[in-house]
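Single-structure report; data block below.
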Amino acid sequence: MMKRNVVMICRWIVELALVVYLKGIYLDRNVKTDFSSIQDILFVEEAQVLAMIFWLLPFLISLIEIAFTFYHQLVHFDFRYKGRTQYINRLTLEYTGKAILYAVLFSCGQLIYFHASDLKSCLVVTVNLCLVFYNLNVMAVVLSLVFTKYIYAMLVVVAVLFSITFFPPLLQCLPIACSFYTEGIDIGAGLLVICMMVLIRKVYLHMDLRGDFT
């Protein structure tokens with residue numbers, strides 16, 4: 001288990017470093033910005049469209065590597081555990097840690113690359129990125145449990161992710177979207193995480209695992 005986790009972390013570091021490098025090709029590292037919100041990092045002034053696409057890749061990768069694995073393990077019960085409650089508790093703890101670690105690696109990589117120096121702003125951005133990653137991943141799992149097909153859920157979440165970047169100011173106060181634009185902690189996104197985790201738990205504990213879950 002330890003060896004597998006080390007390999008996973010090393011793979012993530014390589015993937016995220018590649019993303020930072022690819023965007024760096026299309027973006028001046030010395031561009032002036034205060035990095036007070038996720039929006040400042042994802043869509044730094046003068047960034048080209050292709051660079052923005054590269055910058056969104058980690059969100060898409062997390063849906064494949066973290067959320068799908070979480071969903072797959074949920075619907076394939078491990079008989080080593082005495083019941084679903086114990087099983088989902090372990091999985092929730094494990095994948096919460098993975099989502100947070102992935103978001104921290106992503107935010108640290110980009111903040112270091114662009115020489116961000118305001119520690120408070122960096123901390124706020126990192127926390128909000130963790131909330132965004134976690135929300136998108138658990139949203140994919142919730143929808144997967146409803147649709148019983150992960151691919152449908154992933155397409156919906158990807159559509160939500162791209163839509164957020166074009167939200168008019170009136171909708172930027174919504175949970176998750178607010179994380180991209182606010183200079184403070186998105187409390188709504190934190191509450192949404194709790195609600196969706198409770199929903200996953202309730203649905204999972206009462207669902208029939210004999211269905212076609214792929």
Side-chain angles (χ1 to χ4, degrees), residues 9 12-13 15-24 26-47 51-63 65-67 92-93 95-140 157-158 160-198:
I9 293 173
W12 286 355
I13 291 174
E15 290 172 354
L16 295 174
L18 182 60
V19 168
V20 172
Y21 173 75
L22 288 173
K23 184 171 183 179
Y26 297 94
L27 187 63
D28 182 3
R29 290 181 59 185
N30 298 314
V31 64
K32 300 301 181 182
T33 179
D34 57 4
F35 295 101
S36 58
S37 69
I38 298 177
Q39 183 75 355
D40 289 333
I41 296 175
L42 293 180
F43 305 101
V44 177
E45 186 179 357
E46 299 179 7
M52 296 178 185
I53 293 175
F54 286 139
W55 221 231
L56 292 175
L57 279 178
F59 294 100
L60 305 182
I61 293 172
S62 73
L63 292 174
E65 296 195 354
I66 300 177
T92 299
L93 182 61
Y95 286 94
T96 295
K98 285 185 177 180
I100 292 175
L101 175 61
Y102 193 87
V104 169
L105 288 174
F106 177 48
S107 58
C108 287
Q110 58 194 8
L111 292 171
I112 291 172
Y113 184 86
F114 290 107
H115 307 297
S117 58
D118 187 339
L119 183 60
K120 182 179 179 181
S121 294
C122 291
L123 182 60
V124 170
V125 169
T126 300
V127 171
N128 281 335
L129 269 173
C130 287
L131 290 173
V132 171
F133 271 100
Y134 203 99
N135 268 303
L136 292 176
N137 278 269
V138 295
M139 184 186 297
V157 174
V158 169
V160 170
L161 173 61
F162 279 95
S163 297
I164 287 173
T165 62
F166 299 103
F167 274 0
L170 183 63
L171 298 179
Q172 291 175 7
C173 61
L174 295 175
I176 303 180
C178 183
S179 297
F180 281 80
Y181 303 97
T182 183
E183 296 184 2
I185 302 297
D186 184 4
I187 304 300
L191 296 175
L192 186 59
V193 164
I194 296 174
C195 292
M196 285 197 289
M197 289 308 301
V198 170

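Nothing here was measured: the structure is a model prediction, and the numbers come from that model.
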Quick check on side-chain contact (heavy atoms from CB on, under 4.5 Å): which of Leu192, Val198, Ile194 does Met196 satisfy it with?
Leu192
Which of Val125, Val127, Leu131 passes side-chain contact (heavy atoms from CB on, under 4.5 Å) with Leu129? Answer is Val125
How close do [X] and [Y] get, counting heavy atoms only, and between which atoms?
X	Y	result
Cys130	Val104	SG-CG2, 4.0 Å
Asn135	Ala189	ND2-O, 3.0 Å
Val124	Glu183	CG1-O, 3.6 Å

Interatomic distance, CG@Leu161 vs CG@Leu63, rounded to 0.5 Å, equals 7.5 Å
Output the distance between atom CD1 (Ile61) and atom CG (Leu56), rounded to the nearest 0.5 Å.
11.0 Å
Not counting sequence neighbours, which residues clear ring pair (Phe, Tyr, Trp, His ring centres under 6.0 Å) with Phe133? List them please.
Phe59, Tyr102, Phe106
If the condition is side chain to side chain donor-acceptor pair (under 3.5 Å), which residues does Glu65 pass it with, not counting sequence neighbours?
Arg11, Trp12
Cut-off 3.5 Å, no hydrogens considered: what does the side-chain donor-acceptor table look like for residues 174-181, sequence neighbours left out?
from: Ser179; atom 1: OG; to: Asp186; atom 2: OD2; distance (Å): 2.7
from: Tyr181; atom 1: OH; to: Ile164; atom 2: O; distance (Å): 2.8

Can you list every pair that meets salt bridge (charged side-chain N to carboxylate O under 4.0 Å, His left out) and has a residue in residues 98-110, with sequence neighbours left out?
Glu94-Lys98
Could you pull out all residues at least two apart from Ile187 that satisfy side chain to side chain contact (heavy atoms under 4.5 Å, CB included)?
Ile185, Leu191
Sequence neighbours excluded, the answer for side chain to side chain contact (heavy atoms under 4.5 Å, CB included) partners of Thr96 is Thr92, Ile100, Tyr134
Side chains of Tyr95 and Val138: closer than 4.5 Å at any heavy-atom pair?
no
